[in-house]
Amino acid sequence: VQLQASGGGLVQAGDSLRLSCAASGRIRSYAVGWFRQAPGKEREFVATISSSGSNTDYLESVKGRFTISRDAAKNTVYLQMNSLKPEDTAVYYCAARYTGAVVTNTQYDYWGQGTQVTVSS
């Protein structure tokens, strides 16, 4: 499985972005997560979605602003980010793990390259 993250950019505080994580193969049996890493900081969990799409979990600070979803037909997982804040600035990564459950730690099997999100104040 190869993952391709895209959709990052430079936006102003309060704006929205939608990140996409496109998989090269079928990921219907994979949980998918989004992580981010800001300069000088460790990579942190942002959001995860179960293989069925019925369960999700989020970093507390993004709850109510970010929404993770998946389109099985397109083998793609999305992260809709609204009301962006400067502290959301980071490189965002998507990852996949062969499991049905949500996964909030970094124990993923496959990782994509990152996409930069920069939020100006």
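It should be emphasised that the depicted structure is a prediction, and the values quoted were computed from it without experimental measurement.
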Might you point out which heavy atoms bring Arg65 and Leu84 nearest each other, and give the distance in Å?
NH1-CA, 3.9 Å
What pairs of residues pass the disulfide bond (SG atoms under 2.5 Å apart) test when at least one of them lies in residues 4-95, not counting sequence neighbours?
Cys21-Cys94
Which atom pairs, donor and acceptor, lie under 3.5 Å between side-chain atoms of residues 38-46 and protein residues at least two apart or in another chain?
unit_1	atom_1	unit_2	atom_2	d
Glu44	OE2	Arg36	NE	2.7
Glu44	OE2	Arg36	NH2	3.1

Going by the rule salt bridge (charged side-chain N to carboxylate O under 4.0 Å, His left out), which residues pair with Arg28 if we only count those two or more places apart in sequence or in a different chain?
none
What pairs of donor and acceptor atoms, side-chain ones from residues 9-20 against any protein atom, are under 3.5 angstrom apart with sequence neighbours left out?
unit_1	atom_1	unit_2	atom_2	d
Asp15	OD2	Gln12	N	3.1
Ser16	OG	Asn82	OD1	2.9

May I ask whether Tyr78 and Val32 are part of the same hydrophobic cluster, defined by side-chain heavy atoms of I, L, V, M, F, W, Y residues being less than 4.5 angstrom apart, directly or through others?
no
Counting only heavy atoms from other residues, nucleotides and ligands, does the tally under 6.0 Å from CD of Gln2 exceed 12?
no
Name all residues meeting the salt bridge (charged side-chain N to carboxylate O under 4.0 Å, His left out) criterion together with Lys63; count only those two or more places apart in sequence or in a different chain, and write none if there are none.
Glu60
Is a donor from one side chain sitting under 3.5 angstrom from an acceptor on the other, for Gln4 and Ser6?
no
Going through the distances and angles, do Leu3 and Tyr108 end up as a side-chain contact (heavy atoms from CB on, under 4.5 Å)?
CA-CA 12 Å; Leu3 304 173; Tyr108 279 80; over 6 Å; no
Minimum heavy-atom separation for Asn75 and Gly25, please, with both atom names.
CG-O, 3.5 Å
Rounded to the nearest 0.5 Å, how far does OG1 of Thr104 lie from CZ of Phe35?
7.5 Å
Taking all atoms of both residues into account, what is the closest heavy-atom pair of Gln116 and Thr118, and its distance?
NE2-OG1, 3.3 Å
Walk me through whether Ser24 and Tyr110 qualify under side chain to side chain donor-acceptor pair (under 3.5 Å).
CA-CA 11 Å; Ser24 62; Tyr110 304 98; over 6 Å; no
Could you go through the side-chain contact (heavy atoms from CB on, under 4.5 Å) check for Tyr93 and Thr106 one step at a time?
CA-CA 11 Å; Tyr93 300 87; Thr106 58; over 6 Å; no
Considering all heavy atoms of both residues, which atom of Tyr92 and which atom of Ala5 are nearest to each other, and what is their separation?
O-CB, 4.4 Å
pair Trp34-Val77: side-chain heavy atoms closer than 4.5 Å:
yes
Which donor-acceptor pairs under 3.5 Å do the side chains of residues 66-74 make with protein atoms, sequence neighbours left out?
unit_1	atom_1	unit_2	atom_2	d
Arg70	NH1	Tyr30	O	2.8
Arg70	NH1	Ser50	O	2.7
Arg70	NH2	Ile27	O	2.7
Arg70	NH2	Tyr30	O	3.1
Asp71	OD1	Ala73	N	3.1
Asp71	OD1	Lys74	N	3.3

